[in-house]
Trainee: 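Before I ask anything, let me first share the structure, which is written out below as structure tokens.
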Amino acid sequence: MLDLKQLKYFIVCAETGSISEAARLLYTTQPSVSKAIKALENDMGIVLFDRMPRGIVLTAQGREAYRYACRIVNDSRKLEEMSHQNMVKYLRISLNPSSWFTNQFVEFYKKNYEKNYHFEVYTAGVRTVMERVRDYLSDIGFVYVMEQQKKEFQYELTKNRLVFQVMQESTATFYPGKQNPLYQDLEEMDHSKENAFTVTMEQMKSMRFIQNYRDEFLELNEKEKRGTFSWENLDLAVITNSDYIMEKMLQETELSNISGSYLSDHKKAMNQGIPLDFKKNKIFFGYIRRKNDETDELMDEFLEFLAEKLKGKTVNERTEEDRNQRDR
């Protein structure tokens, strides 16, 4: 019979790639961790790790075992939480950094404060969000995916038995920082005219960018690259998972950012941005779930809340609304 403590030791070893580091995080000794891993391998009849000169790495069977171990350990935690919290509802969320999502989450929590809901919220890039949902570390993941990423993204979803539900789409938009020469041009443009101002790929090649995460799934051949946006020749000076850093850098430097056209409130507080005039310039916002898993009441309630927030407003309506708020 598998021991829950051994599984916890196994997970920490897998995530750190080091017996000694795992022992430090687990507040125990290196021999104790080694003994637990050896006992688990004997019980399962497989080798979980390859021992390398500078640490340990999961074997193919170890990677599969890791996913099941995460599920078992996290399910056990949920059972403990249920028993200690009088069956409170609990939702674990992973997401791409997003000030818009943050605002909605805070509003949802305040609105439902008396219901004593509990949450775990983790921000990361698209691939990490996907892995956390796959490995039962999160119940649901919210991501932004560029249109030209979707083929590779869908392949990863299928491979990992995940599904993606689009909740809204927007246009990829260029946001220059306040010290960027294009910022003043953007402030002076006539916003009542469509396509009054554009930015070209050549212009962007001379700039530096701050992004929440890399375009991880973008793999285009030479033919597909023509007329299509690509990070390949752009200077990503800062990559961060902090919206606060993003906001401060856009306010005080020349760094620019590319993201969705209306799900980025903190950027729109500074400027309206410039829609990118490229093929496949859409950005899709939605959520990742494990295939065939059922939703629970709290997840359904939260998704319904987000859908209501996104419903019934076009990009132009949102842009006008943001502009009016800024001018007040």
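Both backbone and side-chain heavy atoms feed into the values below; hydrogens, waters and symmetry mates do not.
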Trainee: Do Tyr136 and Ile288 belong to the same hydrophobic cluster, where Ile, Leu, Val, Met, Phe, Trp and Tyr are linked whenever their side-chain heavy atoms lie under 4.5 Å apart, directly or via other members?
Mentor: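 Each belongs to a different hydrophobic cluster.
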
Trainee: If you measure from CD1 on Ile46 to CD on Gln61, what distance do you get to the nearest 0.5 Å?
Mentor: 4.5 Å

Trainee: In terms of ring plane angle, is the pair Phe10 and Phe49 parallel, tilted or perpendicular, where the classes change at 30° and 60°?
Mentor: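 Aromatic pair Phe10/Phe49 classed perpendicular.
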
Trainee: In terms of hydrophobic clusters joined by side-chain contacts under 4.5 Å, are Tyr175 and Tyr244 together?
Mentor: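 No, because Tyr175 and Tyr244 fall into different hydrophobic clusters, even though each may have its own neighbours under 4.5 Å.
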
Trainee: Are Phe164 and Phe284, when compared by the centres of their aromatic rings, separated by less than 6.0 Å?
Mentor: no

Trainee: Same hydrophobic cluster for Leu303 and Tyr109, using side-chain heavy-atom links shorter than 4.5 Å among ILVMFWY?
Mentor: yes

Trainee: Counting C-beta onward and ignoring hydrogens, is there a side-chain heavy-atom pair between Phe108 and Lys110 closer than 4.5 Å?
Mentor: no

Trainee: Roughly how far, to the nearest 0.5 Å, is CD of Glu301 from CG of Leu306?
Mentor: 11.0 Å

Trainee: Per the side chain to side chain contact (heavy atoms under 4.5 Å, CB included) rule, which among Val129, Leu95, Thr128 passes with Tyr122?
Mentor: Thr128

Trainee: Is a side-chain N or O of Thr253 found less than 3.5 angstrom from the main chain of Met249, in a donor-acceptor match?
Mentor: yes

Trainee: Taking all heavy atoms of Asp139 and all of Tyr90, pick out the closest pair and write down the distance.
Mentor: OD2-O, 4.3 Å

Trainee: If I take atom CD1 from residue Ile210 and atom NZ from residue Lys248, how far apart are they, to the nearest 0.5 angstrom?
Mentor: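 So the CD1 of Ile210 and the NZ of Lys248 are separated by 12.0 Å.
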
Trainee: Given 3.5 Å as the limit, does a donor-acceptor pair link the side chain of Ser98 with the main chain of Phe101, or not?
Mentor: yes

Trainee: So do Cys13 and Ile19 actually touch side chain to side chain, heavy atoms under 4.5 Å?
Mentor: yes

Trainee: Any sub-3.5 Å donor-acceptor pair from Ser34's side-chain atoms to Pro31's backbone N or O?
Mentor: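 No, Ser34 side chain to Pro31 backbone: no donor-acceptor pair under 3.5 Å.
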
Trainee: Going hydrophobic residue to hydrophobic residue with side-chain gaps under 4.5 angstrom, can you get from Val121 over to Phe285?
Mentor: yes

Trainee: Distance check, rounded to the nearest 0.5 Å: Phe142 atom CZ versus Ile140 atom CD1?
Mentor: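 Taking CZ in Phe142 and CD1 in Ile140, the distance rounds to 4.0 Å.
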
Trainee: Should side-chain heavy atoms under 4.5 Å link Ile, Leu, Val, Met, Phe, Trp and Tyr, which residues sit in the same cluster as Met52?
Mentor: Val57

Trainee: Under a 3.5 Å distance rule, please check whether Glu41 uses its side chain to pair with a backbone N or O of Leu48 as donor and acceptor.
Mentor: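 Between the backbone of Leu48 and the side chain of Glu41 there is a qualifying donor-acceptor contact (under 3.5 Å).
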
Trainee: For Gln165 and Gly286, indicate whether the former's side chain and the latter's backbone hold a donor-acceptor pair under 3.5 Å.
Mentor: no

Trainee: Show the numbers, then the answer: is there a side chain to side chain contact (heavy atoms under 4.5 Å, CB included) between Phe153 and Val143?
Mentor: CA-CA 11 Å; Phe153 177 64; Val143 296; 4.2 Å; yes

Trainee: With distance as the sole criterion, is a donor-acceptor pair present between the side chains of Ser18 and Ser20 under 3.5 Å?
Mentor: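 On atom types as modelled, these side chains qualify, holding a pair under 3.5 Å.
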
Trainee: Check whether Thr173 reaches the backbone of Pro275 with its side chain - one donor and one acceptor, N or O, closer than 3.5 Å.
Mentor: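 Between the backbone of Pro275 and the side chain of Thr173 there is no qualifying donor-acceptor contact (under 3.5 Å).
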
Trainee: Under a 3.5 Å distance rule, please check whether Asp135 uses its side chain to pair with a backbone N or O of Cys70 as donor and acceptor.
Mentor: no

Trainee: Please test Lys178 against Glu252 for salt bridge (charged side-chain N to carboxylate O under 4.0 Å, His left out), starting from the C-alpha separation and ending with a verdict.
Mentor: CA-CA 6 Å; Lys178 283 193 173 181; Glu252 301 182 15; over 6 Å; no

Trainee: Take Val12 and Glu21 through the test side chain to side chain contact (heavy atoms under 4.5 Å, CB included) and record every step on the way to the result.
Mentor: CA-CA 9 Å; Val12 178; Glu21 179 65 11; over 6 Å; no

Trainee: Does atom CZ (Arg54) have a neighbourhood of more than 12 heavy atoms from anything else shown, all under 6.0 Å?
Mentor: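 No, because the 6.0 Å sphere around CZ of Arg54 holds 12 heavy atoms or fewer from other groups.
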
Trainee: Exactly one of Leu162, Leu157, Val163 should register a side chain to side chain contact (heavy atoms under 4.5 Å, CB included) with Arg289. Which one does?
Mentor: Val163

Trainee: If you measure only the distance, is there a donor-acceptor pair under 3.5 Å linking the side chains of Ser99 and Thr102?
Mentor: no

Trainee: Any heavy-atom pair between the side chains of Asn112 and Phe302 that's under 4.5 Å?
Mentor: no

Trainee: Determine whether Ile258 and Leu236 fall in the same hydrophobic cluster, where Ile, Leu, Val, Met, Phe, Trp and Tyr are linked whenever their side-chain heavy atoms lie under 4.5 Å apart.
Mentor: yes

Trainee: Set out, in order, the CA-CA distance, both residues' side-chain angles and the distance that settles side chain to side chain contact (heavy atoms under 4.5 Å, CB included) for Thr171 and Leu276, then state yes or no.
Mentor: CA-CA 7 Å; Thr171 304; Leu276 294 184; 5.8 Å; no

Trainee: Atom CG in Asn160, atom CZ in Arg127: separation rounded to 0.5 Å?
Mentor: 9.0 Å

Trainee: Between Glu156 and Lys159, does a salt bridge (charged side-chain N to carboxylate O under 4.0 Å, His left out) hold up when you go through it step by step?
Mentor: CA-CA 5 Å; Glu156 292 289 332; Lys159 185 174 71 173; 3.6 Å; yes

Trainee: Does any part of the side chain of Lys311, heavy atoms only, come nearer than 4.5 Å to the side chain of Met167, both counted from C-beta?
Mentor: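 In short, these two side chains do not touch, never coming nearer than 4.5 Å.
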
Trainee: Determine whether Ile11 and Tyr66 make a side-chain contact, defined as any pair of heavy atoms from C-beta on separated by less than 4.5 Å.
Mentor: yes

Trainee: Locate the shortest heavy-atom distance separating Ala65 from Met44; write the atom from each residue and the value.
Mentor: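 The answer is CB-CE, 4.0 Å.
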
Trainee: Would you check if the side chain of Glu64 reaches a backbone N or O of Ala60 as a donor-acceptor pair within less than 3.5 Å?
Mentor: no

Trainee: Tell me the closest heavy-atom pair linking Arg290 and Ser138, and the distance in Å.
Mentor: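 Minimum heavy-atom contact is NH1-O, 2.9 Å.
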
Trainee: So which atom in Asn180 and which in Leu182 form the shortest heavy-atom distance, rounded to 0.1 Å?
Mentor: OD1-N, 2.9 Å

Trainee: Between Gln149 (side chain only) and Met146 (backbone N and O only), is there a donor and an acceptor less than 3.5 Å apart?
Mentor: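 Flag set: sc Gln149 to bb Met146 pair under 3.5 Å.
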
Trainee: Is it the case that the side chain of Asp235 and the backbone of Met207 share a donor-acceptor pair, with hydrogens and angles ignored and the cut-off at 3.5 Å?
Mentor: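 Absent.
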
Trainee: Looking at every heavy atom in both Tyr9 and Leu26, which two are closest together, and how far apart are they?
Mentor: CD1-CD1, 3.5 Å

Trainee: Roughly how far apart are Glu169 CD and Leu310 CG, rounded to 0.5 Å?
Mentor: 12.0 Å

Trainee: Could Glu297 and Lys89 be called an ion pair, given the rule that one side-chain N must be under 4.0 Å from one carboxylate O?
Mentor: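 So Glu297 pairs with Lys89 through a salt bridge.
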
Trainee: Which atom names give the shortest non-hydrogen contact between Thr240 and Ser242, and what distance separates them?
Mentor: OG1-N, 2.9 Å

Trainee: Would you say the side chain of Tyr183 lies within less than 4.5 Å of the side chain of Gln179, judging by non-hydrogen atoms?
Mentor: no

Trainee: Is there a donor-acceptor contact under 3.5 Å linking the side chains of Thr59 and Asp50?
Mentor: no

Trainee: Considering the options Glu120, Glu131, Arg132, which one meets the side chain to side chain donor-acceptor pair (under 3.5 Å) requirement together with Ser94?
Mentor: Arg132

Trainee: Pair Thr158, Lys291 - check side chain to side chain contact (heavy atoms under 4.5 Å, CB included), show working.
Mentor: CA-CA 9 Å; Thr158 303; Lys291 189 175 182 180; over 6 Å; no

Trainee: Compare all side-chain heavy atoms of Phe119 with those of Arg92 and state whether any distance is below 4.5 angstrom.
Mentor: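 They are not in contact (no side-chain heavy atoms under 4.5 Å apart), so the answer is no.
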
Trainee: Heavy atoms, side chains only, cut-off 4.5 Å: are Leu91 and Tyr117 in contact?
Mentor: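 When only atoms from C-beta onward are counted, Tyr117 and Leu91 do not touch, as no gap falls below 4.5 Å.
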
